[in-house]
Structures are given as structure tokens and as C-alpha cells.
Amino acid sequence: MAKKKSRPQKRRRRSIIAFEMIRLDRTAPEPLHEQLYRQIRDELKSGRFGDGSSRLPSSRTLATDRGISRSTVRLALSKLHAEGYLRSKPGSGTFVANLLPESFLTADQPKNYQPIQRPVRISDRVKAIPDARVGNQFDLGATGAGPGVSLVASIPAVDEFPIAVWERLRVQVLAKKGVTLLRYSSNRGDVDLRKAIAAYLCDFRGARCHPDQIVIVAGMQQAMLISAMAVLNPGEAAWIEDPCYQQTRRVLSLAGVKIVPKTLDNQGIVIARSPKEPLPRMIYVTPSHQFPLGITMSFQRRTDLLNFARAHNAFIFEDDYDAEFRFVGLPLPSLQGIDNASRVIYAGTVSKILCPSLRLGYIVAPEQLVDSFVKIRSAMDQHSSPIEQATLARFITEGFFLSHIKRMRKLYAERRDFFIKQFNELLADHFTLQVPEAGLNIVAWLKREEDFALIKRITADIGVRPTPLSFFCIQAKLKPAVIFGFAAWTTTQIRESLVKLASALRNHDKDLNYGRQSR
Ligand SMILES: Cc1ncc(COP(=O)(O)O)c(C=O)c1O
């Protein structure tokens, strides 16, 4: 009798799992099959059915029990199967896997873990990178612009980026090229993208190049790093403009290069050198629109620089980061286009034209350097995302790139004019604007040097955050100025920010006068 009694009990324990805990919510945004999958998975993970002999009810039973369709149940079960929670026994049904996938994926936390506090030895390479960080600013990217902060230099209007078009093209390239885009790919970059960029640069930037000279990189910084590593040994000299884009100093320091700051005049970088100054292997310049002062390098200085580079066997690194946004006068051809001795390494980026988060840029390398650049990229990080590269190639060849540039140039021109007018109306007592021909920034020189500390404090307090010019200076001793960005803010936001700054300065002036009178 006892034997007979225990049999059905054993059968029940070994067989059908009841899944009484399942609660499906038809009003929830999560699809029913996902809810079912998740709840069964959690139940299996709880360990109550871990002996591998527990059988699942049939999909029909589960569907009837829960009042849902069999296809919903099948979807949930097939996902559990695919992930290794279930196994099928032909003729017997579906069982819980002997070992759930978690057992292969989850490492135990080591017991008796006691962290030891010791000073860490950091390499000289890291220490050599200039770091003017305040608080956690660095984590907000190169520009340090958090939410609610306005008029920060160098920020493009990313809210105008045509996300829907980009997404559509991305889906199309994925459908067309499929798994090819998921593999490791060319260290030079997507061939269609290289063709599209070469054509764009020849048509619009006066460049002279073919697609095999193009190396796709992860933005301007990587272009600088690869170039410096290819043409300079550690300790050799590179000239850079002073003041200069702060990331250039950091990148060249990382490459172990000796940085020689060079002054600027109204034609661009000054080439004359003192006998003590080491000859450069590379000269970094921003000829289209000097960062941050906004000078356009004159034609004469361009030819002088090329002659100098040729005479001294140096390379010129031409950072053409935002030449597309010119508002006055005709653009001069890139240095690359007038270089007949293969001395110019030209580099561009989509950070300003499209958005910085894509991390895509391009080098036009002198032919004899292409192989070294590609070799370094292969040792560094192989390549940029093939999916984004293929999407960008389509974006360019289908005309969206050019159309976006034209639209943004017009929008920026309107914002720039508005900024200048409002600024001069509201803040002319404190600043003199120096309006450049191109770019997304404007330099405002302080009328009274003694205002500098006050303006720094006020702009930090009110969240209108131009960058002090001194931030970009290495040895240059320039009069105090701040750099405003205008591109990423609507005219209403520009007005609000300038009014806020003007009234903060006015209040301060009033307090000062009151203090003087009451003394
Ligand atoms: C002079 C200069 N070059 C390049 C860049 C952009 O570099 P990346 O392509 O690394 O974003 C900037 C951004 O502000 C810049 O000011």
C-alpha cells in the first residue's frame, strides 16, 4: 500500500511545474511573452526546480491556464530554450536544464576580500598630460558643458542633427551589408566613405587627394595622435600655436613630444625662430580659422609655412575642424591643396558639422605616410565602427551631408548676428567683441583688466560659461578675454543668457558704487 501511495506523489514532484506565481498584466507596456519569459526564468533561477527532472507543462496547458494564446507561450519558451534554461527530450516534453546558464556566467565574489590602500605608481606619460580640471568637469567631455549651462565655446547645435534620416540610412546599410558590418574591418576605413570624403574635400576644401590617401579615424584627437606617433620620436619637437586648442597639447604630451609654443600675429602662426628653439618635426596649425583667436591664415603665411616645412623636412598638421562655417569672405583653399611637396597632413572631423559623439574624422595623408598611419591604427584600436562609417558614407553620397552643412551655416549665421547685436547692446560697457570670419565662437576682450576675476566668478555662478582665453594659452601673455560659443543656443536662449550676464554685472557695479559713496 505504502508503495502505491508514494508513486503518484513522486510523479507529481518530478513532472509538471505549476507556475502558480505567474501574473500577467495586459495593461503593462512590456509584451505578454516577455512577461511570461521573465517570470518563468526568475522562477527557474530561484533554484526550486534545479534537479533537471522538472518538466514544464505543455504550451497548450500553459496557454489555457493563463488565458493567453499558444503563440505567446511559444515565444516565451523558445527564448528560454535559446538561452539554455530549458532542454527538450524528444517524446517526453520540455525539462528544466540541469545547469542554468547563470552557473556558467556568474563568478563568485572572492570571500575575505580586504582592499589594501597603497599609493599607485602612475607613469610619467600620464603626469605629462596638462590637466586644468576642476571637480568632475572632465567627465562631461572636452567642453565641460553640463545641462543648464549656456554660451560655452565650441559646441554645435546637436539638436538639429537629422536623427531620423541617420537611423533610416543605418537600417538600410545594415540590411544591405548585414554581418559584414559586424566583423573587424579595414584599418584604413570603409572604402565608400573614403571615396565620399575624398570627393567632398576636392570639391569643397580645395584639396588634392585620392581615396587611398584617406584614413578614417575616431576624430581630430586621434588624427593628431596617429600623426605625431608616425612622424615624431619621443622628445622631438612639435610647434603648436599659442594660444591653442587645449586637446592638442594633451595629445602631443601623450605622444611624448616636446611642445614648442609659437606666437601668432594677424596672419597666423609666426615662423621666425630663435636660434635656441629646436627645429620642428611637425607644425600644428588651424589655418582656416585659428582656434581660439579666429585668425584666418593669410595666403602669404601659408606659402611661407609650406616653404619652411619643405626646407626643414617637417610635416604640417592642418586641423580643419570647422572650416565649413564661414560667414564672411571667400574660403581660402586648404594648405593641403597648395602643397606640392607632400608636407601636409590634413585632418577633418564631423564633430562640428554633425555631432561630436560619432567620434569620426579623417586624415588626408601624404602618400608616403599612409602605411604608417594604418599600421598605428591597427595597433591602437583597429578601426571606427563599420556601421557608423557605412551610414556616414550613405549620408554623404545621398546629399544629406551637404544639405545639413548649408542649413546649419544659415542657422549659425542668424545666431551669430543676433549674438553680436544683443551683446553689443547689453555688454559693450564691459567687453569689446572681436568677430571672426568663421567658426562657432567669438572672442570678447575685457575693457578693464581688473574685471577679470569678477567676470570669472559671475559667469561660473550664473551658468553662462564662456571660457577664459588664458585657458588656451601656454606662454602667451594676452590681455584678458573670454571665448563665447553661440551656436548651440536659440536666439531666445542667447538673449536670456546675455541679459542674465548684463544684469549680474550691473548689480555688481551698483554695489561697488554704493560702497564707494557710503565710504
Ligand atoms: C581646434 C579644434 N580641433 C578639433 C576639434 C574637434 O576634435 P574632435 O574631432 O576630436 O572632436 C575641436 C573641438 O572643439 C577644436 O576646437
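Order of listing sets the numbers, starting from 1, for every ligand and every atom in it. What you see is a predicted model, and the numbers here were worked out from it, not measured in a lab.
Atoms of ligand 1 found under 4.0 Å from any heavy atom of S154 (numbered from 1 in listed order, with element): 14 (O). Shown in contact with D319 at under 4.0 Å from a heavy atom are these atoms of ligand 1, numbered in order with element: 1 (C), 2 (C), 3 (N), 4 (C). Proximity to T349 (heavy-atom distance under 4.0 Å) selects the following atoms of ligand 1: 8 (P), 9 (O).
A distance of 6.0 Å or more separates the ring centres of F484 and W489.
Contact annotation: for S351 versus ligand 1, heavy atoms closer than 4.0 Å belong to the side chain alone. Neither the backbone nor the side chain of Q222 has any atom closer than 4.0 Å to an atom of ligand 1 (non-hydrogen atoms only). With a heavy-atom cut-off of 4.0 Å, Y284 touches ligand 1 through its side chain alone.
Partners of K177 under the side chain to side chain donor-acceptor pair (under 3.5 Å) rule, at least two apart in sequence or in another chain, are D192. Residues satisfying the side chain to side chain donor-acceptor pair (under 3.5 Å) criterion with Q290, sequence neighbours excluded, are E241.
Dense packing is recorded around NZ of K500, with more than 12 heavy atoms of other residues, nucleotides or ligands lying under 6.0 Å away.
In this structure, the side chains of L201 and D203 stay at 4.5 Å or more apart for every pair of heavy atoms.
Ligand 1 lies within reach of K352, whose nearest heavy atom is under 4.0 Å from it.
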